[in-house]
Amino acid sequence: MERYNAKVVEPKWQKAWEDAQTFMAERDAREKYYVLEMFPYPSGRIHMGHVRNYTMGDVVARYKSARGFNVLHPMGWDAFGMPAENAAMEKKVHPGDWTYQNIADMRDQLKPMGLSIDWSREFATCDPEYYGQQQSMFIDMMEAGLVYRKNAVVNWDPVDMTVLANEQVIDGKGWRSGAPVERKELTQWFFRISDYSEELLTAIDDLKGWPEKVRLMQQNWIGRSQGLRFAFEMTGAPDGFGGLEVYTTRPDTLFGASFAAISCDHPLAKALEDNPEIAAFNAECRKTGTSEEDLEKAEKKGFDTGIVVTHPFHPDWQLPVYIANFILMGYGTGAIFGCPAHDQRDLDFARKYGLTVTPVVCPEDADADSFTIGDEAYVGPGRMINSRFLDGKTIEDAKTEVTKRIAEMKAGSAETQYRLRDWGVSRQRYWGCPIPVVHCPSCGVVPEKKENLPVVLPKDVSFDTPGNPLDRHPTWRNVACPKCGADALRETDTMDTFVDSSWYFARFTAPRAETPTVMEEAEYWMNVDQYIGGIEHAILHLLYSRFFARAMQKTGHLPEKAIEPFNALFTQGMVTHETYSTKGKDGRPVWRTPDEVRLEDGTARLIETGEAVDIGPVIKMSKSKKNVVDPEDIIDQYGADTARWFVMSDSPPERDVEWTASGAEAAWKHLQRVWRLTAEAVEKGDLAGDALEAEALLKATHKCIDEVTNGIEGFAFNKSVAALYQFTNTIAKSDAPNSDIKDALQTLAVLMQPMTPHLAEEVWAAMDGAGLVANAEWPTADPKLLVDDEIVLPIQINGKRRDEIRVAADASKDDIEALALKNLVVQKALDGGNPKKVIVVPGRIINVVV
RNA sequence: GCGGGCGUGAUGGAAUGGUAGACAUACCGGACUUAAAAUCCGGAGGCCUUAGCGCCGUGCGGGUUCAAGUCCCGCCGCCCGCACCA
């Protein structure tokens with residue numbers, strides 16, 4: 001008997017699918033189903049994370065297709081971004097050439113996986129046909145008032161004279177130059193996503209197909225808070241500054257205030273920079289990175305400006321105004337009052353600068369007179385104390401009272417704030433979608449005429465010097481103003497790559513159209529029924545896409561039904577691997593790839609030299625730790641089905657999966673076994689067998705159908721795989737007539753098709769299945785075959801399992817109880833007495849309480 | 001720092017509040033073989049001078065319940081995101 005040879009079989013069926021155009025999607029009368037995996041960045045090689053992601057999507061796509069849906073399952077490339085420019089600098093290649101070569105390489109690696117993708121819809125975001133449509137929408141969004149310009153801060157490398165991404169700032173220094181990074185203000189383009197804060201927040205409730213954790217993360221990110229905005233009277237500030245406006249979510253703690261603090265970027269802080277000490281302090285604050293993490297982790301520092309503000313409810317009570325490094329200019333008013341007793345950051349600050357700490361909220365179970373604050377701020381519920389007219393009130397009542405009085409004094413009012421900031425899309429880089437506007441000396445900022453789109457990136461650029469090549473391009477910048485025709489300059493900023501990925505799912509519905517979308521196509525194919533990708537995109541990408549769907553609807557590019565573009569979302573886990581290292585000369589570990597290492601009895605050695613290798617923790621596959629297994633090697637060695645089967649087995653899809661050589665081997669063995677059973681069944685012809693076994697096999701078949709179906713529907717592919725293992729074992733051991741074995745194998749082929757499509761075709765063909773198994777209908781489990789006549793019920797005594805009894809499946813509660821009480825173990829436990837209680841859960845358990 | 005998640009045998013994991021460890025890996029034993037590989041069959045959570053109708057067991061400590069891996073409260077550890085990485 002011949003072994004199953006994936007190298008021959010897999011290309012054969014891939015060609016058969018291609019010839020039959022099996023996965024081409026066109027509108028028809030059937031109900032549609034749109035499956036989408038987050039499209040890849042063309043880094044140059046497919047990695048195991050891709051294999052897992054696209055296999056999951058493929059399982060869903062093939063399954064839904066078998067269930068009779070008209071499936072759309074496309075693929076494209078998120079092709080703009082920094083790595084191409086880095087490659088350009090390091091390898092002297094053009095970012096476009098580098099990117100398109102990578103796409104070609106990755107497509108070649110992806111196709112042998114046998115994914116049921118409609119490749120006719122493929123595009124890359126760096127295709128002018130794509131980004132030109134994006135520019136067109138940008139102009140529409142400008143006209144709809146969704147785009148504006150304002151100053152914003154960037155990381156500036158003073159040596160390389162270039163803007164740095166947060167990622168390129170390491171310990172406050174530029175990653176190439178090593179120079180301390182400065183903050184610099186530039187005029188930049190923004191989308192008004194914050195106009196949609198409330199809507200993006202409330203609509204989360206309707207995202208029923210999304211994981212609860214992602215919905216929570218989005219809610220917290222948008223971060224609605226109810227608070228009070230009010231102005232302190234201020235003394236000692238420079239001319240032009242009236243009061244100090246602050247925003248607080250805890251107006252109830254106003255009598256616990258001991259200072260006010262402003263951000264170093266606050267206008268008042270800037271106005272005080274005539275004082276060299278303040279200028280120096282602000283400069284020091286600005287050395288911290290621009291990320292929220294850097295700001296909040298930095299040690300609390302403040303500078304007492306000498307300015308004071310007056311407590312709104314007491315004219316003699318004055319609070320010092322500090323400039324502090326933990327106040328964010330981007331949230332609220334960039335100024336706060338500090339109540340150290342009930343906010344940890346304020347408490348740390350107060351302890352450091354010797355400010356008073358007065359508790360104003362007392363927990364219900366504490367004594368108001370002796371309640372004090374130690375190293376931890378009290379943020380729980382309680383009653384107001386030390387707060388004059390608020391004393392005895394609850395926090396909620398106190399908030400209402402303070403807000404009311406402040407409003408009566410006309411000093412401020414209640415305000416809802418959101419943490420969500422507008423989306424800055426300007427990037428001072430070449431390899432991105434050019435922002436299609438022109439700066440005219442007389443007309444100002446003018447959108448490019450639509451007939452002049454796409455504004456194509458010039459090809460003749462150099463990356464010898466840092467900075468944006470578009471800025472120094474000799475001719476590309478110089479254009480006539482679209483409005484008046486005078487000499488003008490093109491905008492040289494390009495768009496954030498998140499813009500590219502915020503609407504690609506819509507473009508897949510009409511990828512070659514000369515408008516961004518085509519309404520009737522979008523009407524049919526939208527929404528994405530199942531979106532699959534990494535949890536790392538839980539906030540930004542998904543939120544931006546939700547905003548874009550709204551913006552596209554407003555500008556007439558998407559139908560109303562697509563306001564929430566993703567009906568269901570699944571976030572898959574990572575692919576991990578052990579790490580291997582040997583000791584380098586300087587004592588630091590030298591990372592080794594799994595290829596270089598031989599594993600024996602839990603120890604590892606270098607294949608080449610026999611040197612001992614340390615086995616490190618199991619972490620996400622990464623180039624830097626070299627713990628990567630190249631999918632191409634696995635497909636080469638075992639075939640795509642083995643790789644697909646492995647990444648679907650064992651670990652639940654939402655959790656990390658550890659790639660192990662033995663696991664891959666085991667997957668391969670299983671697929672061989674399925675083929676061996678098939679070949680045996682073919683040889684046996686119409687060999688007779690046991691009729692009772694035939695019935696048992698039929699029951700096993702339907703149990704498997706049920707479990708595989710539930711597994712796929714519930715995104716628990718590992719359980720589907722387990723059911724298929726079990727079913728295969730049953731077939732192997734069955735003495736049923738060979739015709740029944742063949743029926744079982746045919747069903748097995750259909751059930752395995754989503755995961756191992758090539759083997760499934762081969763088995764299907766050997767069992768004389770009609771046409772391609774890729775077009776076969778999904779079987780339905782017969783409920784009558786899923787139940788057994790007799791079941792085994794465990795008997796517990798006082799909640800501990802002691803014995804089991806066999807009862808008819810349809811036995812009544814009373815019958816079961818009577819039977820259980822006759823049980824010897826129960827009799828002994830009762831010791832002649834009566835049970836206190838007997839709990840019978842039919843089909844589940846009996847618990848006798850004695 | 002803030003937000004989110006995860007934690008079950010040697011390992012990956014299974015378990016509508018109802019027999020903890022399905023299925024698989026690694027391991028051990030057996031069959032076949034001159035031998036090995038492959039294949040097939042079987043074993044197996046831990047503990048024990050008591051091998052049982054025994055005791056313990058789902059990161060740790062409490063609680064609710066006839067019954068807790070599952071629900072509640074408090075910890076510990078690890079992972080992800082934090083707005084210019086994609």
Side-chain angles (χ1 to χ4, degrees), chain A residues 3 38 40-41 43 78 80-83 152 154-155 163-169 188 211-214 216-217 219-221 223 290-298 300 326 330 344-345 348 419-429 496-498 501 534-541 543-544 571 573-574 601-602 617-620 649-652 654-658 660 662-663 665-667 669-670 672-673 676 716 718-719 721-726 729 732 792-804 824-825 828-829 836-839 841 843-849:
Chain A
R3 279 228 297 213
M38 291 179 186
Y41 177 78
S43 58
D78 186 15
F80 276 134
M82 289 201 308
V154 294
N155 300 306
V163 176
L164 298 176
N166 283 341
E167 188 191 53
Q168 298 170 316
V169 180
Q188 307 199 59
E212 189 54 38
K213 63 177 169 182
V214 175
L216 248 176
M217 283 159 92
Q219 278 166 4
N220 289 331
W221 186 262
T290 55
S291 81
E292 197 163 310
E293 183 187 3
D294 289 339
L295 291 171
E296 296 219 8
K297 270 180 150 169
K300 309 273 170 295
F326 64 98
Q344 191 60 44
R345 285 177 302 184
D348 294 344
R419 210 183 72 99
L420 181 65
R421 312 199 291 257
D422 275 333
W423 177 10
V425 295
S426 282
R427 297 292 180 272
Q428 294 70 39
R429 277 188 261 281
D496 179 7
T497 56
F498 271 122
S501 57
I535 185 72
E536 68 273 19
H537 294 292
I539 296 173
L540 290 180
H541 162 60
L543 194 62
Y544 291 152
T571 55
M574 298 176 301
D601 304 330
V618 177
I619 55 171
K620 178 181 180 174
S649 58
D650 288 347
S651 287
E654 69 276 14
R655 245 191 266 181
D656 292 353
V657 63
E658 185 191 349
T660 58
S662 61
E665 180 84 10
K669 279 184 189 174
H670 177 71
Q672 287 291 339
R673 187 168 184 232
R676 213 164 38 243
N718 54 322
K719 288 191 241 169
V721 167
L724 287 164
Y725 267 113
Q726 212 155 12
N729 285 338
V792 174
L793 284 186
I795 298 180
Q796 291 185 337
I797 291 164
N798 293 335
K800 289 197 172 190
R801 186 184 170 282
R802 285 291 182 254
D803 203 358
E804 56 189 34
L824 278 180
V825 178
K828 190 167 178 191
K836 280 192 195 141
K837 200 172 179 181
V838 180
I839 292 118
V841 185
R844 281 285 173 200
I845 206 161
I846 303 147
N847 191 10
V848 182
V849 186

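Quick note on labels: first sequence line is chain A, next is B, and so on, each numbered from 1.
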Is the glycosidic angle of G29(B) within 90° of 0, making it syn, or outside that range, making it anti? anti
For L164(A), does its backbone N or O pair with a side-chain atom of N155(A) as donor and acceptor, under 3.5 Å? yes
Measure from the side-chain N and O atoms of S651(A) to the backbone N and O of D656(A), and report whether any donor-acceptor pair falls under 3.5 Å. yes
Any salt bridge between K297(A) and E292(A), counting N to O under 4.0 Å? no
Work out how far the [atom1] atom of [N] is from that of [M], and round it to whole angstrom.
N      : M      : atom1 : value
A15(B) : U70(B) : C1'   : 9 Å
G12(B) : U19(B) : P     : 23 Å
G21(B) : G43(B) : P     : 15 Å

Think [X] has a side-chain N or O under 4.0 angstrom from the OP1 or OP2 of [N]?
X       : N      : result
N718(A) : A14(B) : yes
R801(A) : G54(B) : no
R421(A) : A83(B) : no
T497(A) : A86(B) : yes
K719(A) : A15(B) : yes
N729(A) : A24(B) : yes

Contact class for [X] (heavy atom, under 4.0 Å): base, sugar-phosphate, or nothing?
X       : value
L420(A) : base
F498(A) : base
V163(A) : base
G81(A)  : sugar-phosphate
E804(A) : base
P652(A) : sugar-phosphate
G424(A) : sugar-phosphate
V792(A) : base
Q188(A) : base
R427(A) : base
V849(A) : sugar-phosphate
A538(A) : nothing
T660(A) : nothing
S649(A) : nothing

Can you name the closest pair of heavy atoms from [X] and [Y] and give their distance?
X       : Y       : value
Y41(A)  : G81(A)  : OH-O, 4.3 Å
D496(A) : W423(A) : OD2-NE1, 3.0 Å
N847(A) : N798(A) : OD1-N, 3.5 Å
V163(A) : Q168(A) : O-OE1, 4.1 Å

To the nearest Å, give me how far apart [atom1] ([X]) and [atom2] ([N]) are.
X       : N      : atom1 : atom2 : value
K800(A) : A68(B) : NZ    : C1'   : 14 Å
K669(A) : C23(B) : NZ    : C1'   : 16 Å
R655(A) : C6(B)  : CZ    : P     : 8 Å
K836(A) : U65(B) : NZ    : P     : 15 Å
I795(A) : A67(B) : CD1   : P     : 18 Å
R802(A) : C66(B) : CZ    : C1'   : 15 Å
Q168(A) : A83(B) : CD    : P     : 14 Å
R844(A) : U16(B) : CZ    : C1'   : 7 Å

Derivation of the side chain to side chain contact (heavy atoms under 4.5 Å, CB included) call for H670(A) and Y725(A): CA-CA 8 Å; H670(A) 177 71; Y725(A) 267 113; 3.3 Å; yes
The answer to which of L216(A) and N155(A) contacts RNA chain B further toward the 5' end, by nearest nucleotide, is L216(A)
Most 5' of A723(A) and K828(A) on RNA chain B, judged by nearest nucleotide: A723(A)
Side-chain heavy atoms of [X] within contact of [Y], under 4.5 Å:
X       : Y       : value
Q796(A) : R802(A) : no
N729(A) : R673(A) : yes
R801(A) : I795(A) : no

Between the protein and nucleotides 40-47 of chain B, list the N/O to N/O atom pairs that are separated by less than 3.5 angstrom.
from: C40(B); atom 1: OP1; to: R673(A); atom 2: NE; distance (Å): 2.8

Look up atom [atom1] in [X] and atom [atom2] in [Y], then write down how far apart they are to the nearest 0.5 Å.
X       : Y       : atom1 : atom2 : answer
E654(A) : T571(A) : CD    : OG1   : 7.5 Å
Q428(A) : Q188(A) : CD    : CD    : 5.0 Å
K719(A) : S649(A) : NZ    : OG    : 15.0 Å
M217(A) : L540(A) : CE    : CG    : 10.0 Å

How would you list, by chain and number, every residue that makes a ring-ring contact (aromatic ring centres under 6.0 Å, His included) with W221(A), sequence neighbours excluded? none
For H537(A), enumerate each residue passing the ring-ring contact (aromatic ring centres under 6.0 Å, His included) test, keeping only those at least two apart in sequence or located in another chain. H541(A)
As a quick check of understanding, evaluate side chain to side chain contact (heavy atoms under 4.5 Å, CB included) for K213(A) and I535(A), giving each step before the final call. CA-CA 10 Å; K213(A) 63 177 169 182; I535(A) 185 72; 3.7 Å; yes
I'd like to know if D650(A) reaches the base of G12(B) with its side chain such that a donor and an acceptor end up less than 3.5 angstrom apart. yes
Contact list (N/O, under 3.5 angstrom) for nucleotides 77-82 of chain B vs protein:
from: C82(B); atom 1: N4; to: E293(A); atom 2: OE1; distance (Å): 3.2
from: C82(B); atom 1: N4; to: E293(A); atom 2: OE2; distance (Å): 3.2

Can you give me the dot-bracket string for RNA chain B, 5' to 3', counting Watson-Crick and G-U wobble pairs with both distances under 3.5 Å, using [ ] for crossing pairs and | for partners on another strand? (((((((..(((.....[....))).(((((.......))))).((((...).)))..(((((..]....))))))))))))....
What are the atom names and distances for every N/O pair under 3.5 Å that joins the protein to nucleotides 29-32 of chain B?
none

